[in-house]
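Note that ligands are numbered from 1 as they come in the structure, with each ligand's atoms numbered from 1 the same way. Numbers for residues simply follow the sequence, beginning at 1.
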Amino acid sequence: MKKIPVVFHMDQLCHKPLFEWAFGEKIAHPETTSRAERILSEISRKPEIFELVSPRSFPLALIRQVADSSVIKVLKAASRLPPKKTFYPYVFPKNRSEEANPELIEHAGFFCLDSGTPLNATTWSAAAWSAACAAKAAQYVAERKTRLSYGLCRPPGHHASFHQFGGYCYFNNAAIAAKKLQILGKVAVLDIDFHHGNGTQELFYEDNQVLTVSLHGDPKMFFPYYSGFSSEKGRNKGKGYNVNIPLQKNINGTQYLNHLKKALKEISEFKPKYLVVAAGFDTFEGDPVGSFCLKTDDYESIGKMIAGLDLPTVVVQEGGYAAEKLGVNVVRFLLALRRLQRV
Ligand code: SP5
Ligand code: ZN
């Protein structure tokens with residue numbers, strides 16, 4: 001059986017957000033470098049199954065498809081900050097003024113969703129390499145080199161829309177994978193991160209060639225709060241091509257799998273040529289950010305169920321903040337998907 005390509009670039013580790021404000025308290029930032037390190041260390045224990053590869057260049061043309069020039073300019077402006085300086089956007093104008101200037105770091109709030117997504121001199125490069133991982137993972141599947149690939153994307157991407165970064169995300173990595181595959185046929189994006197994939201939803205909201213499906217904590221209670229409701233079904237040509245499945249807190253694996261079954265039914269009825277999984281593991285019981293109760297075994301069941309679609313599949317890493325268990329959970333998930341290679 002072919003090895004599973006795992007795409008990662010070491011410069012993704014230069015991005016080190018230090019803290020965020022959570023309900024009035026300053027807490028250590030959950031999106032740490034140790035997340036990627038734990039995944040890498042679990043993957044390197046199985047060299048007969050995984051092949052670690054690095055992207056070689058930034059996929060600028062693809063990044064431009066998922067982020068407007070202002071977002072790109074803000075991150076480039078941040079790369080001119082002094083080495084130890086970090087900027088946390090904290091003023092978020094509701095309207096984009098004519099005066100909004102992406103070259104001015106103080107104006108970053110015009111192009112940003114929340115205060116948990118800091119900017120510093122390393123952000124641009126880490127985010128662009130993370131995007132490159134998704135692009136390269138998609139390339140394996142597009143070129144039929146493998147039927148399963150994994151982009152170890154970090155920073156994550158699914159909260160980033162065309163006009164805004166946020167939610168620890170800068171560029172929408174899953175959308176980059178989908179854009180790359182979309183040239184070749186219909187794509188379904190399945191988002192299993194604890195949070196609603198608002199950025200991915202928005203990027204394909206008027207598109208009937210990319211079906212976006214997200215299961216997540218009910219936005220009435222959980223980030224990003226303003227989107228992820230089941231009434232959001234797509235717009236114009238895209239009407240009927242966005243599916244949100246909001247879930248109550250504390251649900252367990254059995255309950256989760258029941259909802260996943262519905263999501264997969266939507267996907268198989270769409271008859272896509274490719275699947276992109278925005279794979280967050282903040283659904284894990286011990287996660288400090290999410291509020292579901294999934295166990296490590298459940299990620300194997302989820303992987304098996306998704307493999308049942310039997311589609312060429314690109315897995316893109318999203319959240320998951322119980323860093324000690326993240327590597328184990330990711331590997332269990334990928335091993336269950338491995339049957340896709342057996343063709
Ligand atoms: C990619 C991704 O998973 N982004 C998540 C962003 C969530 N940001 C909001 C976090 C809210 C603060 N957490 C409070 C912990 C409560 N126990
Ligand atoms: Zn999440």
Using a plain distance cutoff, I'd like to know if H158 has any nitrogen or oxygen under 3.5 Å from a nitrogen or oxygen of ligand 1. no
Counting from 1, what ligand 1 atoms have a heavy atom of P156 closer than 4.0 Å? 1 (C)
Parallel, tilted or perpendicular for Y299 and F281, by the 30°/60° rule? tilted
Less than 4.0 Å is my threshold; does some heavy atom of G167 fall inside it relative to ligand 1? yes
Less than 4.5 Å apart, side chain to side chain, heavy atoms only: is that true for N198 and Y226? yes
Under 4.0 Å from any heavy atom of D282, which atoms of ligand 1 are there? 3 (O)
Taking the N/O/S atoms of D193 one by one, which is nearest to the Zn ion (ligand 2)? OD1
Closest to the Zn ion (ligand 2), which N/O/S atom of D282 is it? OD2
Does the protein put any heavy atom within less than 4.0 Å of atom 6 (C) of ligand 1? yes
Is the closest heavy-atom distance from P288 to ligand 1 below 4.0 Å? yes
State if H159 counts as touching ligand 1 under the rule of any non-hydrogen atom under 4.0 Å. yes
So for ligand 1, is H195 a polar contact partner (N or O within less than 3.5 Å, distance only)? yes
The single option from I267, L211, V276 that satisfies side-chain contact (heavy atoms from CB on, under 4.5 Å) with L190 is I267
Look only at interatomic distance and state if E318 has a nitrogen or oxygen under 3.5 Å from any nitrogen or oxygen of ligand 1. no
Suppose we measure from atom 10 (C) of ligand 1 to each protein heavy atom; which comes out shortest, and what is that distance? Y168 OH, 3.7 Å
Under 4.0 Å from a heavy atom of A22: which atoms of ligand 1 are those, numbered in the order shown and with their elements? 12 (C), 14 (C)
For ligand 1, indicate whether the residue I27 contacts it via side chain, backbone, both or neither (heavy-atom separation under 4.0 Å). neither
Measure from the ring center of Y256 to the ring center of H259 and say whether it is less than 6.0 Å. no
I want to confirm something. Looking only at heavy atoms, which of F23, Y321, F223 is nearest to atom 3 (O) of ligand 1? Y321
Is it the case that the ring center of F171 lies less than 6.0 angstrom away from the ring center of W129? no
is_close_aromatic(H29, Y168), centroid dist under 6.0 Å: yes
E300 and salt bridge (charged side-chain N to carboxylate O under 4.0 Å, His left out): which partner among R332, R339, R338? R332
Do K2 and E51 sit within salt-bridge range, that is, some charged N less than 4.0 Å from a carboxylate O? no
Parallel, tilted or perpendicular, judged at 30° and 60°: which one describes the rings of H15 and Y170? perpendicular
Determine which of the N, O or S atoms in H195 is closest to the Zn ion (ligand 2) and give its atom name. ND1
Indicate yes or no: does E269 engage K265 in a salt bridge with an N to O separation below 4.0 Å. yes
